[in-house]
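The chains referred to below are lettered A, B, ... by the order of the sequence lines, with proteins before strands, and numbering in each begins at 1. Computation of the quantities below employed the complete heavy-atom set of this structure, encompassing side-chain atoms and omitting hydrogens, waters and symmetry-equivalent molecules.
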Amino acid sequence: MAKLVSLADGVADLVRDGDTVALEGFTHLIPFAAGHEIIRQGRRDLTLVRMTPDVIYDQLIGAGCARRLVFSWGGNPGVGSLHRFRDAVQNSWPVPLELEEHSHAGMANRYVAGASGLPFAVMRGYTGTDLPRHTDNIRTVDCPFTGETLTAVPALRPDVTVVHAQRADRAGNVQMWGITGVQKEAVLAADRSLVTVEEIVDELTPVPGQVVLPGWVVDAVARVPGGAHPSYTQDYSVRDNDFYRAWDAVSRDRDTFQEWIERHVRDVEVPA
Amino acid sequence: MTDGYTADEMMTVAAARQLRDGTACFVGIGLPSTAANLARATHAPDLVLVYESGCLGAKPDRLPLSIGDGVLADTADAVVSVPEVFNYWLQPGRIDVGFLGAAQLDRYGNINTTVIGGDYRDPAVRLPGAGGAPEIAASCREVVVVVRQSRRTFTDRVDFVTSVGYGDGPGARARLGLRGGGPKTVITDLGVLEADPATCELTLTRLHPGVTVAQARAATGWPVAVADDLATGTPPSATELTALRALEATVRSTR
């Protein structure tokens, strides 16, 4: 049974320096509040994993939490580039950022293998691209039945996965719906998991297309209403598109970025 | 602005016209998404839009602001997980057209969206990366690319092959075991290029009204082949322009 915790306690207990951490979400349900708590608690040397690192990863990278990024597309969706990510790759600021780069299909299959308890996943992909030359974790395998050469990618097993969802009950059973990306796989592939939710209810009403994460596969659930802002939570909030557009200007300049982080993340009081 | 429409509007209309009604299209965000939604609003109401966020058969009444916009989930026939969209829907070849953008493109339709200049570990410009594009370019029955044409974009050699077009020329796709047909058509703000079936080279087959061959050549970083029967495209119709502007107004209204 998952423990019901505060966000601060959940991050303190589950996310450690040097960990491989996946904060998943595909435009929808991005665990921003949990990312901010990781910055506040000053985690260092993290290997950040995510298919689509966007603004919260830009903030984590700019705040110096990350040593390495495993990803398939890093940008500000619908707006442009991530300037803190760029600065780290092009100028090693504030610290160098190592990259392990994949395609979406490769990352998704790495999580599937992790969730399935398999050492690797097999797929058609990457063939003819320059990605395998730079990523050791893309290799080939011969099909034992047909002899055909296919692509293999190793299982991805984060130390901890953090996701945001619509709601949970008091036993920590979690419900999410809408665009649910690769969140189920990322939670099942991880050693530990933290789920932030909009609300905790007595009874979970079934919803079409929902994903259920039973309490016994989740370590901790924290109630964090609006915990996905500026991304959105289907049926609870809409995406704050103005924020994403404004982030472009905030993140271009190192000083402006640092002031923003101080004011909107580090100096924010959160309930213990 | 030419005759009451812009070069970007001509490009988007020309790209939309490439999409046939009733087919399934794997849509990238940005220009491809605008063109695909314009096609659905005009000549192809039954175009099936597939987005990599897992939305199959999305029917948005406004332009989505990103690939994971809630309007796509709200209007889709089904919302599936990301592993499912790539493994069950894209990989087996169920999608007719892959519709992509590019940061760099070469004469064989190879696409770069990873790094520009320098080496991979120390690039001049770090771009967002591959996303879904490598497998979209590999597995769809055909690929349509929509991109503004300039020497910066249309380069003799891409700095990084993120998504394979025709590789190094004839036979390359077969040697690589790629199952889809590759980049058949490239639509730009100047005209249309199509892959020559014999040489696999992108060949200028159509110019938008008012554009000259010299302009197209000046905006291409290799000596671009020009078709003998080079044609001039049809300007956007009033219906197309009205539909496109109405779609674009939906984005402004969400700001």
Enquirer: What part of A:L82 gets within 4.5 angstrom of chain B, counting heavy atoms only: side chain, backbone, both, or neither?
Expert: neither
Enquirer: Of all the heavy-atom pairs spanning B:A73 and A:Q234, show the shortest one and how long it is.
Expert: CB-OE1, 3.9 Å
Enquirer: Side chain, backbone, both or neither: which part of A:M107 has a heavy atom under 4.5 Å from chain B?
Expert: neither
Enquirer: Between A:Y244 and chain B, which part of the residue has a heavy atom less than 4.5 Å away: side chain, backbone, both or neither?
Expert: neither
Enquirer: Using a heavy-atom cutoff of under 4.5 Å, enumerate the residues of residues 91-111 of chain B that contact chain A, numbered in order, or state 'none'.
Expert: B:Q91
Enquirer: In the structure I gave you, are the side-chain heavy atoms of A:R133 and B:Y120 within less than 4.5 Å of one another anywhere?
Expert: no
Enquirer: Against chain A, label B:E52 side chain, backbone, both or neither, depending on which of its atoms sit under 4.5 Å from a heavy atom there.
Expert: both
Enquirer: Measuring only between side-chain heavy atoms, which start at C-beta, is B:S81 closer than 4.5 Å to A:K184?
Expert: no
Enquirer: So which part of A:E98 gets closer than 4.5 Å to some heavy atom of chain B, the side chain, the backbone, both or neither?
Expert: neither
Enquirer: Does any part of the side chain of A:T129, heavy atoms only, come nearer than 4.5 Å to the side chain of B:V164, both counted from C-beta?
Expert: yes
Enquirer: Below 4.5 Å, heavy atoms only, C-beta onward: do B:F160 and A:L131 meet side chain to side chain?
Expert: yes
Enquirer: Name the region of B:R175, side chain, backbone, both or neither, that has any atom closer than 4.5 Å to a heavy atom of chain A.
Expert: neither
Enquirer: Begin from the C-alpha positions of B:V79 and A:I179 and carry the test side chain to side chain contact (heavy atoms under 4.5 Å, CB included) through to its verdict.
Expert: CA-CA 7 Å; B:V79 181; A:I179 292 172; 4.2 Å; yes
Enquirer: So what's closer than 4.5 Å to chain B heavy atoms on A:Q90: side chain, backbone, both or neither?
Expert: both
Enquirer: Minimum heavy-atom separation for A:G128 to B:V161, with atom names?
Expert: O-CG1, 3.7 Å
Enquirer: If I measure from the heavy atoms of chain B, does A:F26 come under 4.5 Å with its side chain, its backbone, both, or neither?
Expert: both
Enquirer: Sorted by first residue and then second, give each salt bridge (charged side-chain N to carboxylate O under 4.0 Å, His left out) pair with at least one member in residues 115-130 of chain B; sequence neighbours left out.
Expert: A:E101-B:R126
Enquirer: Heavy-atom distance under 4.5 Å between the side chains of B:N87 and A:R124, does that happen here?
Expert: no
Enquirer: Is A:Y111 close to chain B through its backbone or its side chain, or both, or neither, when contacts mean heavy atoms under 4.5 Å?
Expert: neither
Enquirer: Quick check on B:L178 against chain A: is it the side chain, the backbone, both or neither that has a heavy atom closer than 4.5 Å?
Expert: side chain
Enquirer: With a 4.5 angstrom heavy-atom cut-off, which part of B:A78 approaches chain A: side chain, backbone, both or neither?
Expert: neither
Enquirer: Answer with side chain, backbone, both or neither: which region of B:V125 has an atom nearer than 4.5 Å to a non-hydrogen atom of chain A?
Expert: both
